[in-house]
Chemist: 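After the structure tokens below, expect a handful of questions from me.
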Amino acid sequence: VTRRFVLLGPVLSMAAACVTATAGTATAPVVVQVDVAAGACVERGLRSSNLRVRVQTHDRIAAAEADLVVGPDATLGRALESGDLVEAGAVELGEVRWVLVARVGTPPPWVELERAQPEIWVLGGPAGDHARKALQRLSPARVHSSRQPAELAAAHLALVPMPLAGDGQTRPAPVEPLRMRAVLTRRAAASAAARTALRSLDSASLRQCLGAR
Amino acid sequence: MMGVLARLPAPTIAAALCLGAGCGSTGGSPMAPSESPPAAPIPGGVVAGAYVLQIEGAAGCLVPLGPHRIPVVASPTGTPAQPGVQVLPAAGGAALELEFLHVADTLRGGLGTTEQGVLTAAGLRVYLRTIGTGAVTHLGSGRGEVLSGTMFGELAFSRPGDGELTTLGVCTALEHRWKLTVS
């Protein structure tokens, strides 16, 4: 049964994709798949690295289609267990906290949520698994899931990882943090370009962007 | 129930049993003997064949009211030293699997679905990640059943096609309930 206890989340869906190409080499770009929770930060970090990369933001990692993946264990778990990732040499980016964020005003204290039963938006997909469970005392009709950062940012009240908090006021939420990592895929284990991209992610500025501890 | 009956006068009991059995409508026939009460479940039994798995969220869970029924098929597994039971969906596939040790007239083990969940007979999608236990009993020469099992872990409900498995509620608790009854 254990092998079938796989992570929550429906089928793969690509949330966004962009290309950052700078150095004019003839080699194929390093394909970097990033979980939606870290997408903007990683994209920004790689853009400034002067590397030829293609960044794809996903809510589910498909390691067979990437050279480098970045995300929380909840998203990388299956690829790690299946041996599609080279765990040795992975870059630990730290733990990313969850916050309640209000677009207007101040988010309510966590302990008030059950009584207040507010409409709340929460990150969907495997990365949001623990957060949705943490809201199990709220009526399911008042809990909305989304994998779109823009939709979460527009919500009056949202429960998101720190990088998706936007400009609203935040309050720490007692949800298990996301342990964020960057890992080479097996297909890119011998790729110097992929290793260079991996090393470039081992940076204080990226950790700061993620709000990682 | 039996204590109440013992305090009633015999004619009252006979009349009540007669009404319950529908006798007297044929007129003049001798009073038929009352049916014996249902036999009490006997511990133990072979768990094999077609069953209905019923699951219910623990008290306080904000999930759709149950019981939620799923037709399943049980097969003996394991070894003589460690006998077991495997339960799979009657409709085929492996979206749901229960793997139990069957020791001391008790089933203990995991109840789980894949990340796609499994459809109940009522068309809800349920996701299970639990560990459960339940006493096996049987009636007469019947097959073994679990009439009152408990399980701890995660239970989530959604509609088929929903983007997440939790749209109708998710609950992690120690006292979810389950049954495995002969179909």
Side-chain angles (χ1 to χ4, degrees), chain A residues 1-15 36 58-62 74-75 77-79 81-82 113-148 151-152 159 174-176, chain B residues 57-65 77 84-89 93-101 107-118 124-132 151 153-174 176:
Chain A
V1 168
T2 304
R3 63 190 155 82
R4 296 197 174 98
F5 282 177
V6 287
L7 301 166
L8 273 176
V11 294
L12 168 71
S13 71
M14 185 182 294
V36 65
H58 283 242
D59 58 18
R60 174 71 58 82
I61 296 299
T75 307
R78 175 178 278 180
E81 290 169 4
S82 66
L113 288 179
E114 186 174 344
R115 184 193 58 77
Q117 293 285 318
E119 295 273 345
I120 187 168
W121 291 76
V122 59
L123 179 65
D129 187 17
H130 286 296
R132 292 193 299 279
K133 289 181 202 170
L135 296 173
Q136 71 177 25
R137 295 297 179 191
L138 270 62
S139 165
R142 304 187 76 79
V143 179
H144 311 282
S145 298
S146 174
R147 305 175 187 207
Q148 303 297 330
E151 195 168 28
L152 293 165
L159 176 59
V175 177
E176 187 175 319
Chain B
C61 286
L62 297 178
V63 297
L65 290 175
T77 58
V85 176
Q86 181 189 46
V87 180
L88 295 170
L96 165 78
E97 185 178 15
L98 285 57
E99 283 186 338
F100 294 118
L101 279 176
L107 297 185
R108 300 178 200 277
L111 302 87
T113 66
T114 66
E115 62 178 356
Q116 306 302 323
V118 66
L124 287 181
R125 185 171 60 172
V126 60
Y127 169 86
L128 274 177
R129 185 162 62 175
T130 60
I131 301 294
M151 56 184 177
E154 184 185 347
L155 190 58
F157 291 88
S158 57
R159 289 170 289 266
D162 282 353
E164 307 291 345
L165 289 166
T166 57
T167 52
L168 296 178
V170 56
C171 189
T172 300
L174 296 174
H176 300 308

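Side chains are part of it too, since the values below use all heavy atoms of this structure and drop only hydrogens, waters and symmetry mates. Throughout, protein chains are lettered first and strands after them, A, B, ... in sequence-line order, and every chain is numbered starting at 1.
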Chemist: Sub-3.5 Å donor-acceptor pair from the side chain of A:Arg132 to the main-chain atoms of A:Gly125, do we have one?
Modeler: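 Such a contact is found between A:Arg132 side chain and A:Gly125 backbone.
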
Chemist: Pick from B:Cys171, B:Ser158, B:Gly117, B:Gly109: which one has the most heavy-atom pairs with chain A under 4.5 Å?
Modeler: B:Cys171

Chemist: What residue in A:Gly124, A:Ala141, A:Ser139 has the most heavy-atom pairs under 4.5 Å with chain B?
Modeler: A:Gly124

Chemist: With chain A as the partner, which of B:Val63, B:Thr167, B:Thr172 has the greatest number of non-hydrogen pairs under 4.5 Å?
Modeler: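 When all of B:Val63, B:Thr167, B:Thr172 are compared, B:Thr172 has the most.
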
Chemist: Given a strict heavy-atom distance threshold of 4.5 Å, which part of B:Leu168 is in contact with chain A: side chain, backbone, both, or neither?
Modeler: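 Contact with chain A is through the backbone of B:Leu168 alone.
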
Chemist: Can you find a pair of side-chain heavy atoms, one from B:Glu97 and one from B:Leu88, that are under 4.5 Å apart?
Modeler: yes

Chemist: Is any side-chain heavy atom of B:Leu155 less than 4.5 Å from a side-chain heavy atom of B:Cys61?
Modeler: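 No, side chains not in contact.
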
Chemist: With a 4.5 angstrom heavy-atom cut-off, which part of A:Leu135 approaches chain B: side chain, backbone, both or neither?
Modeler: neither

Chemist: Considering the options B:Leu107, B:Thr130, B:Val87, which one meets the side chain to side chain contact (heavy atoms under 4.5 Å, CB included) requirement together with B:Leu98?
Modeler: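 Running side chain to side chain contact (heavy atoms under 4.5 Å, CB included) over B:Leu107, B:Thr130, B:Val87 with B:Leu98 returns exactly one hit, B:Val87.
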
Chemist: Could you check whether A:Arg147 pairs with B:Glu164 (Lys NZ or Arg NE/NH1/NH2 to Asp/Glu carboxylate O, under 4.0 Å)?
Modeler: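 Salt bridge between A:Arg147 and B:Glu164, a charged N being under 4.0 Å from a carboxylate O: yes.
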
